[in-house]
Amino acid sequence: MATRPGPLTEWPWQWMGNFKYLVLAPAVLHTAHRVATKGWGDLDPAYATMLPALLLRMIHNQIWISLSRYQMARRKNVIVDRSIEFEQVDRERSWDDQIIFNGLEFYLAYAMIPNVRLLPVWRTDGAIITVLLHMGPVEFLYYWFHRALHHHCLYSRYHSHHHASIVTEPITSVIHPFAEHVVYFMLFSIPTLTPIFMGCGSVLGVVLYIAYIDFMNNMGHCNFELVPKWIFKVFPPLKYLMYTPSFHSLHHTQFRTNYSLFMPFYDYMYNTMDKSSDVLYEQSLKVTDETPDLVHLTHMTTLQSIYHLRIGIASIASKPSDNPVWYSWMIWPVAWLSMVLAWVYGSSAFVIERLRMKKFKMQTWTIPRYNFQAKTLNRSGELFIQKYPKLRVRLVDGSGLATAVVLKSIPLGTKKIFLSGSTSKVAHATAIALCEKGVQVIMNQKKEYDMLKSRLPESRTVYLKFSNKDIPQIWIGDHIGDKQQQRAPKGTTFVPTSQFPLKKIRKDCTYLSTPAMKIPETMENVHTCENWLPRRVMSAWRIAGILHALEGWDMHECGDDMMDIEKTWSAAIKHGFAPLTKG
């Protein structure tokens, strides 16, 4: 929102929230009725192109979003190396409003302008006129309109909303108040409608011009330099006809320079080109991939988790994954395609996220595999260490801190807990730690009971009990199924010991989060949620790796090896991580 919102700042359908696409329902229903009653042959090229063109625009924008975030994670050719936070993601969530607006414009134009129904697929003369009109009136009028928007009167009421993003993403390009978009529509109507009224317009002429606008907008705000130097060497005048991402980035950092739309020649003409444009361009091309101090290795879980990657759909990734969106069923093909691509790509990890904590650099790498595709767990890295005994990096599975978080989540004064058939490293470590503290651990599965009893000191085996009748109100475990939960007494507190949350089937019981902690304010560039966890909350397993690097600990934590529980907990508190719940 602008600092002092003016008239027509909000979109007319903003009150509809996630149901805003219903404004296109009449057009969709009219198309369906026309096809049902008159057949596909009745659709002229202009009418048949409208809905597919809107869909392709959304796909085009999403490709740019994913590409930009991938490059930002690598830091390759990055222009502005600062962090993006949740506030910016939320502000830019409405990037699709302009596509809805354009859809309404297309249908109104079709209904009101008879020539549109007679448009051929292509006319070369009309395309030439479109190009000339863009280079002339559109670029000139936009330049001066843009300069007017930077007058304090209009800037505070409208354009400041766009400039709230210093570190731009491709979708930043279309984040403007509704009133600005109305003006842009009138500007871009000059090259699209003029050929139509002249009788030389075409369907592809309009579609390709809009695709050009989207491409240049996205490129100018992608925050990484991708225009190679050889292009300007081969054709030097191109520097006046096409801007670069670094050129427009300076407009977002300096505010009073580089006003041009896509063609910088008006900035040269009116002496508003930033003098550092060429220097920043050269510098950005030299920025190399970042070498991290820590790598968090992960993989996708379910098919839908592809949307939740940082390089996926921004509006989904910025919320916990247990908050489904209404359109998730529409993008199922994307999930299936991602699985196929995962098989084709192989098992090589790729960078999806880059975080900073003071001077400490962290990256997240994803292995393109889903839970159901995994064949071996490699014992959390133990087999890898056995294969490479002189490994210089340290492998951390995070079980020590995860165990500490579970222990701290158990209410103070608890005398007995029930361990529901769990065989994980964290569950066993938690049970052993509880027995050593004098808390009775009750189990009802003989095999797991015997296994755990053999690992306890003989003096503490008295605190491990096998029983089918003694069921306390504190339950811990990896996977506590529906039938098991039904056996729990009213008021039971379920404490998960795995990375996956329990299914909540009891309304009279309390379900705690998976082992996780709040991250400190010093951790930057956090604008996605980790799976089902709330914002700025990180799983204990992941935090443990960060602590390992921050503290300079030299041991591996994988297989049967585990860090000292109290030591890791103290380190977490020391570095600003905070518990979600207090025991």
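Here the structure is a predicted model, which is why all the values come from computation and not from measurement.
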For the residue pair [X] and [Y], is the inter-centroid distance of their aromatic rings smaller than 6.0 Å?
{"X": "Tyr259", "Y": "Tyr270", "result": "no"}
{"X": "His150", "Y": "His251", "result": "yes"}
{"X": "Phe255", "Y": "His163", "result": "yes"}
{"X": "Tyr158", "Y": "His176", "result": "no"}
{"X": "Tyr107", "Y": "His30", "result": "no"}
{"X": "Tyr281", "Y": "Phe247", "result": "no"}
{"X": "Phe86", "Y": "His527", "result": "no"}
{"X": "Phe262", "Y": "Tyr142", "result": "no"}

Inset, instruction - Mind running salt bridge (Lys or Arg N to Asp or Glu O under 4.0 Å) on Arg354 and Glu524 for me, showing each step along the way? - result: CA-CA 9 Å; Arg354 179 166 59 100; Glu524 300 176 344; over 6 Å; no

Atom pair [atom1]/[atom2] of [X] and [Y] - distance to nearest 0.5 Å:
{"X": "Gln283", "Y": "Asp278", "atom1": "CD", "atom2": "CG", "value": "11.0 Å"}
{"X": "Leu297", "Y": "Ile367", "atom1": "CG", "atom2": "CD1", "value": "4.0 Å"}
{"X": "Gln71", "Y": "Leu226", "atom1": "CD", "atom2": "CG", "value": "8.5 Å"}
{"X": "Ile316", "Y": "Cys529", "atom1": "CD1", "atom2": "SG", "value": "12.0 Å"}
{"X": "Arg91", "Y": "Thr172", "atom1": "CZ", "atom2": "OG1", "value": "7.5 Å"}
{"X": "Ile519", "Y": "Leu533", "atom1": "CD1", "atom2": "CG", "value": "11.0 Å"}

To check you understand the geometry: which heavy-atom pair defines the closest contact between [X] and [Y], and what is its length?
{"X": "Val23", "Y": "Leu104", "result": "O-CD2, 3.7 Å"}
{"X": "Asp274", "Y": "Asn258", "result": "N-OD1, 2.7 Å"}
{"X": "Ile166", "Y": "Arg82", "result": "CG2-NH1, 3.4 Å"}
{"X": "Tyr143", "Y": "Asp267", "result": "CE1-OD1, 3.4 Å"}
{"X": "Gly312", "Y": "Ile65", "result": "O-CG2, 4.3 Å"}
{"X": "Asn77", "Y": "Lys286", "result": "ND2-N, 4.3 Å"}

Is [X] salt-bridged to [Y], going by a charged N under 4.0 Å from an acidic O?
{"X": "Arg93", "Y": "Glu87", "answer": "no"}
{"X": "Arg74", "Y": "Asp289", "answer": "yes"}
{"X": "Asp293", "Y": "Lys359", "answer": "no"}
{"X": "Asp214", "Y": "Arg57", "answer": "yes"}
{"X": "Asp90", "Y": "Lys319", "answer": "no"}
{"X": "Glu282", "Y": "Lys229", "answer": "yes"}

Can you check whether [Y]'s main-chain N or O pairs, donor with acceptor, with [X]'s side chain at less than 3.5 Å?
{"X": "Thr130", "Y": "Gly126", "value": "yes"}
{"X": "Arg535", "Y": "Ser318", "value": "yes"}
{"X": "Glu290", "Y": "Met362", "value": "no"}
{"X": "His252", "Y": "His248", "value": "no"}
{"X": "Thr194", "Y": "Pro191", "value": "no"}
{"X": "Ser202", "Y": "Gly205", "value": "yes"}
{"X": "Gln363", "Y": "Leu355", "value": "no"}

Legend entry - Residues, nucleotides or ligands: over 12 heavy atoms within 6.0 Å of Trp365 CH2: no

Inset, instruction - Determine whether more than 12 heavy atoms belonging to other residues, nucleotides or ligands lie under 6.0 Å from atom CZ of Arg4. - result: no

Inset, instruction - Check ring-ring contact (aromatic ring centres under 6.0 Å, His included) between Phe215 and all other residues, then give those that pass, not counting sequence neighbours. - result: Trp64

Legend entry - Results of ring-ring contact (aromatic ring centres under 6.0 Å, His included) for Tyr70 - residues two or more places apart only: none

Inset, instruction - Please assess Lys20 against Asp97 for the test side-chain contact (heavy atoms from CB on, under 4.5 Å), listing each intermediate value before the final yes or no. - result: CA-CA 8 Å; Lys20 61 187 177 182; Asp97 280 335; 3.1 Å; yes

Establish, from distance only, whether the side-chain atoms of [X] and [Y] form a donor-acceptor pair under 3.5 Å.
{"X": "Asp44", "Y": "Tyr110", "value": "yes"}
{"X": "Glu530", "Y": "Thr528", "value": "no"}
{"X": "Glu139", "Y": "His134", "value": "yes"}
{"X": "Thr272", "Y": "Arg256", "value": "no"}
{"X": "Tyr268", "Y": "Ser260", "value": "no"}
{"X": "Ser165", "Y": "Glu169", "value": "no"}
{"X": "Thr9", "Y": "Arg157", "value": "no"}
{"X": "Tyr21", "Y": "Asp96", "value": "yes"}

Inset, instruction - Could you walk me through whether Met58 and Ile99 pass side-chain contact (heavy atoms from CB on, under 4.5 Å), step by step? - result: CA-CA 8 Å; Met58 299 194 75; Ile99 294 181; 3.5 Å; yes

Inset, instruction - Apply the test side-chain contact (heavy atoms from CB on, under 4.5 Å) to residues Glu105 and Phe188: give CA-CA distance (whole Å), side-chain angles for both, the deciding distance (0.1 Å), then the verdict. - result: CA-CA 12 Å; Glu105 294 165 356; Phe188 298 140; over 6 Å; no

Legend entry - Over-ring placement of Arg117 relative to Tyr47, 6.0 Å and 45° cut-offs: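 Verdict for Tyr47: no cation-pi partner in Arg117.
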
Is any side-chain heavy atom of [Y] closer than 4.5 Å to one of [X]?
{"X": "Val287", "Y": "Asp81", "result": "no"}
{"X": "Val116", "Y": "Ile113", "result": "yes"}
{"X": "Phe235", "Y": "Pro237", "result": "yes"}

Inset, instruction - Tell me, with the steps shown, if His151 and His159 meet side-chain hydrogen bond (donor to acceptor under 3.5 Å, both in side chains). - result: CA-CA 9 Å; His151 185 276; His159 204 52; over 6 Å; no

Inset, instruction - Please step through side-chain contact (heavy atoms from CB on, under 4.5 Å) for the pair Leu550 and Phe360, ending with a clear verdict. - result: CA-CA 8 Å; Leu550 286 172; Phe360 195 72; 3.9 Å; yes

Inset, instruction - Give the C-alpha distance, both sets of side-chain angles, the deciding distance and a yes or no for side-chain hydrogen bond (donor to acceptor under 3.5 Å, both in side chains) between Glu225 and Ser284. - result: CA-CA 6 Å; Glu225 191 53 74; Ser284 301; 5.3 Å; no

